[in-house]
Amino acid sequence: MTLTQETIDRSSLLAMANEMIAGHADFFAGLAATGVEQKGELLIFSGDYFLDEQGLPGPRSTIVFNVFKYLTVELSPKYRLAA
């Protein structure tokens, strides 16, 4: 089965991703996707990972990672970034 991916611009994709984040069960204030890159077939989302003073993962870092992974899994099969 071949899926057809829709081409989408970066700002529209980020707006969609942030709507999904706001509705996610693990959402907390400040959690947002501020960037996205196309890496092969995957969309890789980025933003604040809430690192501690030493630059190490903080208590919220795992949540952020898992939410960005959720976005990748949900959106990569459907969309491709416009060049």
Side-chain angles (χ1 to χ4, degrees):
M1 180 168 120
T2 303
L3 297 176
T4 304
Q5 293 174 310
E6 180 181 332
T7 301
I8 189 170
D9 65 273
R10 188 174 314 277
S11 62
S12 297
L13 183 57
L14 284 172
M16 182 185 314
N18 283 308
E19 284 181 26
M20 291 173 70
I21 289 171
H24 195 278
D26 292 332
F27 174 77
F28 60 86
L31 175 55
T34 57
V36 61
E37 294 180 47
Q38 184 81 48
K39 297 279 187 172
E41 293 297 314
L42 297 176
L43 296 167
I44 307 299
F45 292 87
S46 60
D48 187 349
Y49 277 89
F50 296 88
L51 303 177
D52 69 12
E53 301 81 39
Q54 290 83 33
L56 299 172
R60 293 182 167 182
S61 299
T62 301
I63 295 169
V64 175
F65 175 82
N66 287 334
V67 170
F68 288 171
K69 178 181 167 187
Y70 160 75
L71 294 174
T72 295
V73 169
E74 291 296 315
L75 297 175
S76 292
K78 300 173 186 173
Y79 299 99
R80 183 162 194 83
L81 276 180

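As the structure is a prediction and not an experimental result, all values here were calculated from the model.
Of all the heavy atoms in Asn18 and Ala32, the pair that sits closest is OD1-CA, 3.3 Å. For Val64 against Asp48, the heavy-atom pair with the smallest separation is CG1-O, 3.5 Å. Gln5 approaches Pro77 most closely through the heavy-atom pair CG-O, 3.4 Å. In plain terms, the two heavy atoms of Phe45 and Phe68 that are nearest each other are O-CD1, 3.6 Å. Val36 approaches Ser46 most closely through the heavy-atom pair N-OG, 4.4 Å. Considering all non-hydrogen atoms of both residues, Leu71 and Ile21 come closest at CD1-CD1, 3.7 Å.
The distance from the CG atom of Leu75 to the CE atom of Met20 is 4.5 Å, given to the nearest 0.5 Å. Between atom OH of residue Tyr49 and atom CG of residue Leu56 there is a gap of 15.5 Å, rounded to the nearest 0.5 Å. Note that CD of Glu19 is 11.5 Å distant from CG of Leu14, once rounded to the nearest 0.5 Å. Distance CD1/Ile8 to CG/Leu13: 5.0 Å, rounded to 0.5 Å.
With hydrogens and angles ignored, the 3.5 Å screen pairs no side-chain donor or acceptor of Thr7 with any backbone N or O of Ala82. Within the 3.5 Å criterion, the main-chain N or O of Ile44 finds no donor-acceptor partner in the side chain of Thr72.
Contact of the Ser61 side chain with the Leu51 side chain is registered, since non-hydrogen atoms from C-beta on lie closer than 4.5 Å.
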Next on the checklist: Is there a side chain to side chain contact (heavy atoms under 4.5 Å, CB included) between Leu43 and Glu37? Walk through the geometry before answering.
Outcome noted: CA-CA 6 Å; Leu43 296 167; Glu37 294 180 47; over 6 Å; no

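Ile63 and Val73 fall into different hydrophobic clusters, where Ile, Leu, Val, Met, Phe, Trp and Tyr are joined by side-chain heavy atoms under 4.5 Å apart, directly or via other members.
Other residues, nucleotides and ligands place more than 12 heavy atoms under 6.0 Å from the CZ atom of Phe27.
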